Amino acid sequence: MFFPPILISCGYGIQLTRWLSLHTNAGSPMEETEKSQKGMVTIYSVMGCPHCRQAKSRLLELGLPLREVDTNQHAELWLRVKQLTGRSTVPQIFFNSVHVGGNDDLQTMAPEKLEHLVHLVREEPMPPDAPPLPVEAHLEGGGNQDGENKCERDDFADMVAEFKECGVIGNHRKGLKMYKNSFTGVQLLDWLEREKGLAAELSEILRNMMLRLYSDHLSADGKTVDYKAMSQSPSFERYCELAVQLQRLDLQVLSRAEKLAFFINIYNALVIHGNLRLGAPKNPWQRYRFFNYVSYLIGGEVFTLQDIENGVLRGNKKGVAQLLKPFSKSDPRLQVALPQAEPLIHFALNCGAKGCPPIKTYTPKDIDSQLHIAAEAFLEEDDACRVDADKGEVKLSQVFKWYRGDFGDTDEKVLNWIVNHMSDSPKKSCLQALLKAGKFRVSYMPYDWSPNSKD
């Protein structure tokens with residue numbers, strides 16, 4: 001039976017400025033604190049990350065002053081934190097200058113140790129060796145006289161300022177209502193092409209809009225997303241209106257880095273968009289139909305999720321359960337495909353299942369470094385790789401089985417690829433020892449396909 005592609009888009013107007021303005025400087029707020037508390041808890045996180053949400057909820061329960069830093073917005077600062085902690089995963093949590101670790105470390109901490117750290121924050125001021133913060137996150141002169149806390153500046157703040165300076169913002173009518181300080185999606189796209197010259201800018205805006213929606217509807221324990229409430233949000237309507245403008249892009253002018261950032265961001269946004277419109281797939285047949293038919297019209301061509309992952313990002317290779325390559329030799333979309341498979345994309349794409357890597361936004365600048373960090377973070381998790389030195393056994397995520405050809409054609413080559421992309425850790429040392437001894441057995445762990453939607 002043939003199913004036509006399901007084009008996920010709607011509407012044609014856009015009041016993005018209002019959305020941007022509402023969320024500018026709201027990415028990493030400093031919680032209102034009691035004056036008696038002198039120190040600070042700092043949490044480095046990613047918007048929409050369930051582990052980050054769990055950790056933040058626990059910290060708020062403790063009633064401690066909290067500074068949240070979005071690592072998506074501060075890549076250079078995140079590299080410093082990674083060097084400081086030796087970890088690539090989020091969240092990373094500090095009580096004053098004491099590094100606690102991630103969410104699991106916080107949730108399983110011994111009560112007496114947690115009590116000591118809470119006392120530390122409440123009684124001791126931030127020391128000189130406190131974890132690094134964005135410059136904008138500090139209060140001017142150590143704090144203003146009115147006692148008002150200044151939040152760190154969001155990347156969208158500069159973009160809104162540019163919109164105002166160049167005259168893009170105006171008044172536009174939608175139906176019978178006039179919206180001030182707004183502009184159409186066509187105007188935004190024209191501005192991006194004229195001033196920025198990159199279609200990747202549009203994908204980054206779309207992805208950040210979707211991440212904000214996702215984060216706003218993520219449960220306190222970080223385990224489920226309320227897609228129904230999310231689909232009824234006015235912000236989602238504005239996202240749909242802007243997504244229509246993807247059809248006007250010229251994909252032929254994109255560089256490799258721009259293609260990687262653009263299509264990773266669009267893939268992750270389209271998965272959530274598809275879940276909102278059609279519901280999350282719950283069995284193999286629904287997943288097959290979802291990934292082969294949910295699509296966007298981009299640059300005049302239809303791109304399904306399978307087309308984006310296997311056609312573009314994997315250099316037109318057959319995907320799981322596919323008999324043919326996504327693009328034939330005469331398919332115009334083949335001109336957009338990368339020349340070869342990019343293995344690191346598997347740690348950036350999120351299919352909406354609980355077993356997927358966390359979602360974030362990617363930019364063309366230093367895209368390879370961003371993807372390497374994503375791979376390191378994924379491989380640190382036991383759901384991705386487990387090493388039992390005594391038994392000589394290595395258990396891997398199904399990702400390394402499904403896309404084996406991207407990592408190597410033998411178990412040894414796959415494990416060597418993994419070692420080369422791991423951060424220094426006891427797990428890496430154990431895996432290196434097994435490879436050196438030449439005695440190991442590889443097996444694959446079950447994949448958690450359960451949807452992260454709220455029932």
Side-chain angles (χ1 to χ4, degrees), residues 25-47 49 51-52 54-155 157-158 366 369-370 373 376-377 380 423-425:
N25 296 334
S28 302
M30 179 177 181
E31 305 294 338
E32 186 176 349
T33 65
E34 298 178 11
K35 293 182 179 180
S36 60
Q37 300 183 115
K38 300 178 180 180
M40 180 72 62
V41 176
T42 307
I43 175 172
Y44 297 89
S45 64
V46 171
M47 185 166 53
C49 167
H51 303 293
C52 302
Q54 289 177 1
K56 186 177 177 181
S57 295
R58 180 70 179 108
L59 293 169
L60 291 176
E61 287 175 3
L62 297 172
L64 298 173
L66 178 64
R67 169 73 73 184
E68 186 177 12
V69 180
D70 188 343
T71 62
N72 271 343
Q73 308 296 339
H74 303 283
E76 293 182 2
L77 184 149
W78 175 236
L79 289 176
R80 291 169 57 195
V81 174
K82 179 187 169 188
Q83 293 170 354
L84 181 65
T85 63
R87 297 193 183 183
S88 303
T89 53
V90 290
Q92 291 302 317
I93 306 163
F94 289 81
F95 282 65
N96 280 1
S97 61
V98 179
H99 178 228
V100 169
N103 179 51
D104 288 342
D105 300 299
L106 174 66
Q107 303 292 352
T108 60
M109 185 181 297
E112 59 273 14
K113 182 178 180 181
L114 181 59
E115 183 179 354
H116 169 74
L117 291 173
V118 170
H119 179 79
L120 175 71
V121 171
R122 288 177 175 166
E123 300 297 330
E124 300 291 335
M126 290 286 279
D129 61 344
L133 292 173
V135 174
E136 297 87 349
H138 296 291
L139 300 180
E140 295 179 3
N144 59 39
Q145 296 180 354
D146 296 330
E148 180 183 358
N149 293 327
K150 292 185 66 178
C151 296
E152 59 183 283
R153 186 176 176 84
D154 190 279
D155 281 355
D158 294 329
D366 299 324
S369 296
Q370 296 171 57
I373 291 173
E376 285 183 353
E380 284 180 17
S423 57
D424 292 334
S425 64

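We number each residue from 1, following the sequence as shown. Note that this is a predicted model, so its numbers are computed, not measured.
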Mind checking the [atom1]-[atom2] spacing from [X] to [Y]? Nearest 0.5 Å is all I need.
| X | Y | atom1 | atom2 | value |
| --- | --- | --- | --- | --- |
| Ile373 | Thr89 | CD1 | OG1 | 12.0 Å |
| Arg58 | Leu114 | CZ | CG | 5.5 Å |
| Asn103 | Lys56 | CG | NZ | 13.5 Å |
| Arg87 | His99 | CZ | NE2 | 5.5 Å |
| Leu120 | Ser97 | CG | OG | 7.0 Å |
| Arg80 | His74 | CZ | NE2 | 12.0 Å |

message = Checking Asp105 against Ile93 for the side-chain contact (heavy atoms from CB on, under 4.5 Å) test, could you report, in this order, the C-alpha distance in whole Å, the side-chain angles of both residues, the deciding distance, and whether it holds?
response = CA-CA 9 Å; Asp105 300 299; Ile93 306 163; over 6 Å; no
| Judged by atom type as modelled, is there a donor-acceptor pair below 3.5 Å linking the side chain of Asn96 to the main-chain atoms of Val41? | no
Is the side chain of Thr71 donor-acceptor paired with the backbone N or O of Ser45 at a distance under 3.5 Å, no angle test? yes
Does a side chain donor of either Glu376 or Ser423 reach within less than 3.5 Å of an acceptor in the other side chain?
-> no
### Message
For the residue pair Asp366 / Gln370, report whether a side-chain donor-acceptor contact shorter than 3.5 Å exists.
### Response
no
What one should report as the nearest heavy-atom pair of Leu106 and Ala55 is CD2-O, 3.7 Å
For Met126 and Pro131, the nearest pair of non-hydrogen atoms, with its separation, is CE-CD, 4.5 Å
Q.
Pair Thr85, Tyr44 - check side-chain contact (heavy atoms from CB on, under 4.5 Å), show working.
A. CA-CA 11 Å; Thr85 63; Tyr44 297 89; over 6 Å; no
Within 6.0 Å of CD in Glu115, more than 12 heavy atoms from elsewhere: no
The residue among Val100, Val121, Leu117, Leu84 that forms side-chain contact (heavy atoms from CB on, under 4.5 Å) with Phe94 is Leu84
### Task
Could you tell me whether the side chain of Pro134 reaches within less than 4.5 Å of the side chain of Leu77, counting heavy atoms only?
yes
Check your understanding: Is there a side-chain contact between Phe95 and His116, using heavy atoms and a 4.5 Å cut-off?
Key -> no
